[in-house]
Amino acid sequence: MHVPGTAPQSAPALQETSPSGSPAASPDHPAPAAPDSRHARRFGLPVATALVMGNIIGGGIFLLPASVAPYGTVSLLAFGVLTVGAIALALVFGRLAERTPLTGGPYVYAREAFGDFAGFLAAWAYWITTWVSNAALAVAAVGYLDVLIPVNQHWWTACLAALVLGWLPALANFAGTRYVGAVQLVSTVLKFLPLLLVAVGGLFFFDARNLGPFNPGGGSPVGAVSASAAILLFSYLGVESAAVSAGEVKNPRRNVGRATVIGTAGAALVYLLGTVSVFGTVAHDRLVESTAPFSDAVNAMFGGSWGGWAVALAALISMTGCLNGWTLLSAQTPYAAAQDGLFPAVFARKRRGVPTVGVAVTVVLASLLTVYNYASGSGKVFEVLVLITTFTATVPYLLATAAQIFHLVSGRRDRVDGRRLVRDAVVAVIAAAFSLWLVAGAGYAAVYQGVLFLFAGVLVYAVMAARKRASAPAGD
């Protein structure tokens with residue numbers, strides 16, 4: 001019998017852990033078979049940090065300076081506000097991972113605190129976020145690929161290119177976590193080389209005359225900050241990456257929190273420096289109209305026209321690495337939920353350290369959405385779906401933050417560090433406010449559509465909960 005306000009007895013968070021931080025065997029969660037060590041390898045701090053940074057920094061950074069340029073330099077304040085909120089959320093995930101270092105992240109935290117239904121909502125919403133984001137990244141990557149290889153002349157060649165870009169990271173995942181980590185680390189390093197060239201090198205070519213007005217709209221600065229922040233919000237999704245894959249991280253109690261904070265802070269620094277450098281090297285009136293702001297910045301710094309090729313290649317590497325990480329995350333949450341009977345059991349199958357069925361289902365769904373986008377010839381429908389991911393991601397964020405607040409208020413000394421109570425409470429409140437701001441930034445249409453996705457999940461939960469109850473031993 002489940003008492004409200006307590007975790008169900010089968011919750012993964014109640015498992016004992018081994019000294020390494022891995023979950024120990026229990027009646028509800030038998031010890032998994034030993035993976036093939038040649039292909040399955042647990043992530044250390046560098047790879048876990050690369051996973052966080054790689055998933056936060058996708059292709060959006062290459063368009064951000066031009067996107068926020070119409071709001072003027074007041075948009076730099078939005079970066080600061082968003083960074084504070086993102087780091088607060090990262091600290092919350094780090095503290096929760098110290099208590100419960102298991103694969104699933106927000107799903108595990110919500111289920112432990114509030115029971116099966118909250119856990120399912122976190123898993124369902126996060127799963128939607130991952131496969132829709134994968135489709136968005138694949139389609140966006142085609143635009144950069146077209147600079148190198150013309151593929152956009154026909155919708156079917158562009159569609160084929162998007163499908164290839166979506167399936168290549170999936171193949172790396174099928175090969176095992178050893179290869180996922182290698183691809184993530186290499187792609188993160190390679191994409192940061194050109195980004196750092198602009199972010200750091202651009203400061204030496206900085207000209208304040210290029211900045212333009214502080215608030216071109218002439219309205220309230222607070223309103224301008226909020227408007228520009230709405231554009232920037234999607235770029236900060238991914239702070240939960242290490243927490244979701246905690247079961248694949250070495251010493252997760254220590255490394256998940258560190259990787260999350262370091263990765264989020266590093267991504268925010270690259271965002272801010274890159275935007276400031278572009279603002280200072282490209283004239284404001286030109287930047288507002290730019291479709292490749294980093295290319296324009298490189299051309300302004302060194303002359304010539306080779307910047308477009310270099311940035312297109314960097315963007316392609318960036319998106320491939322981001323797709324690689326998101327593909328892994330897309331399977332981890334359903335895997336954890338399937339172990340508890342809240343997702344179909346097939347999602348709990350692992351091969352070479354990767355939940356291969358979850359990867360396959362996710363990439364198929366993303367592929368169908370990609371084909372629909374190109375076949376319909378309408379980008380508007382796809383843009384609405386991308387905004388939905390901003391909303392759906394906030395569901396697990398809010399539930400995880402609520403779980404942290406629940407632990408802090410519950411008064412259980414075994415779950416709360418009294419020496420850090422005030423600090424943890426302040427951080428949790430900031431993270432909750434940040435998550436609510438994400439909802440507001442998604443817009444009315446996205447929230448409306450996202451709620452429909454969540455309600456569809458309620459029907460799935462009804463079926464899974466009924467099956468779970470029917471299979472439970474008599475007397476439970």
Side-chain angles (χ1 to χ4, degrees), residues 4 8 11 89 92-93 96 104-136 230 233-234 236-240 243-244 326 329-338 340-344 347 358 361-362 364-366 368-369 372 381-406 431-468:
L89 194 59
V92 168
F93 280 124
L96 289 168
Y107 158 73
V108 174
Y109 313 144
R111 182 170 183 262
E112 178 190 17
F114 309 120
D116 283 353
F117 184 62
F120 174 84
L121 282 182
W124 180 262
Y126 193 76
W127 186 52
I128 293 171
T129 301
T130 54
W131 63 263
V132 176
S133 294
N134 276 10
L233 290 176
F234 183 76
Y236 276 81
L237 300 183
V239 298
E240 73 290 339
V244 172
W326 276 108
L329 296 185
S330 68
Q332 297 289 19
T333 299
Y335 166 78
D340 299 312
L342 299 181
F343 259 58
F347 282 90
V361 172
T362 295
V364 167
L365 288 173
L368 291 174
L369 182 58
Y372 172 77
V381 174
F382 195 77
E383 289 172 5
V384 171
L385 290 174
V386 170
L387 284 175
I388 289 173
T389 65
T390 303
F391 168 72
T392 54
T394 62
V395 175
Y397 286 179
L398 277 170
L399 287 171
T401 305
Q404 171 71 340
I405 294 173
F406 169 80
F434 174 67
S435 300
L436 290 173
W437 197 17
L438 283 171
V439 175
Y444 293 108
V447 172
Y448 169 74
Q449 297 287 347
V451 168
L452 292 180
F453 272 96
L454 290 180
F455 282 0
V458 172
L459 301 178
V460 175
Y461 174 78
V463 174
M464 297 308 302
R467 293 180 60 182
K468 182 179 180 181

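On a predicted model such as this, the values are computed, not experimentally measured, just so you know.
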Quiz item: To the nearest 0.5 Å, how far apart are CG in Leu121 and CH2 in Trp124?
Solution: 10.5 Å
Self-check item: Rounded distance [0.5 Å steps], OG1 in Thr401 versus CZ in Phe406
Solution: 15.0 Å
Self-check item: Over all atoms of both residues, closest heavy-atom pair of Leu454 and Ala125
Solution: CD2-CB, 3.8 Å
Practice problem: Check whether any side-chain heavy atom of Pro106 lies under 4.5 Å from a side-chain heavy atom of Leu399, and answer yes or no. | Solution: no
Quiz item: Any idea which heavy atoms bring Gly457 and Phe120 closest together, and the distance?
Solution: O-CE2, 2.9 Å
Quiz item: Between Leu369 and Trp131, is any pair of side-chain heavy atoms under 4.5 Å apart?
Solution: yes
Practice problem: For residues Ala338 and Phe347, report the shortest heavy-atom separation together with the two atoms involved. | Solution: CB-CB, 3.8 Å
Quiz item: Taking side chain as C-beta onward, heavy atoms only, is Val239 less than 4.5 Å from Tyr397?
Solution: yes
Practice problem: Please report the closest heavy-atom contact between Ala122 and Pro396, naming both atoms and the distance. | Solution: O-CB, 4.0 Å
Practice problem: Write down the atom of Ser435, the atom of Leu89, and the distance for their closest heavy-atom approach. | Solution: OG-CD1, 4.1 Å
Exercise. Can you see which heavy atom on Gln404 is nearest to which on Val92, and at what distance?
Key: CB-CG1, 3.9 Å
Self-check item: With Tyr448 via ring-ring contact (aromatic ring centres under 6.0 Å, His included) - residues at least two apart
Solution: none
Quiz item: Are Asp116 and Leu342 close enough that some pair of their side-chain heavy atoms sits under 4.5 Å apart?
Solution: yes
Exercise. Check each of Val132, Val447, Thr129 against Thr392 using the side-chain contact (heavy atoms from CB on, under 4.5 Å) test, and report the only one that passes.
Key: Thr129
Taking distance alone, no hydrogens or angles, what donor-acceptor pairs closer than 3.5 Å link side-chain atoms of residues 437-445 to residues at least two apart or in another chain?
none

Self-check item: Tyr126/Tyr107 aromatic ring centres below 6.0 Å
Solution: no
Exercise. Decide yes or no for Phe343 and Tyr335: does some side-chain heavy atom of the first lie under 4.5 Å from some side-chain heavy atom of the second?
Key: no
Quiz item: Do Trp127 and Leu365 come close enough that some side-chain heavy atom pair is under 4.5 Å?
Solution: yes
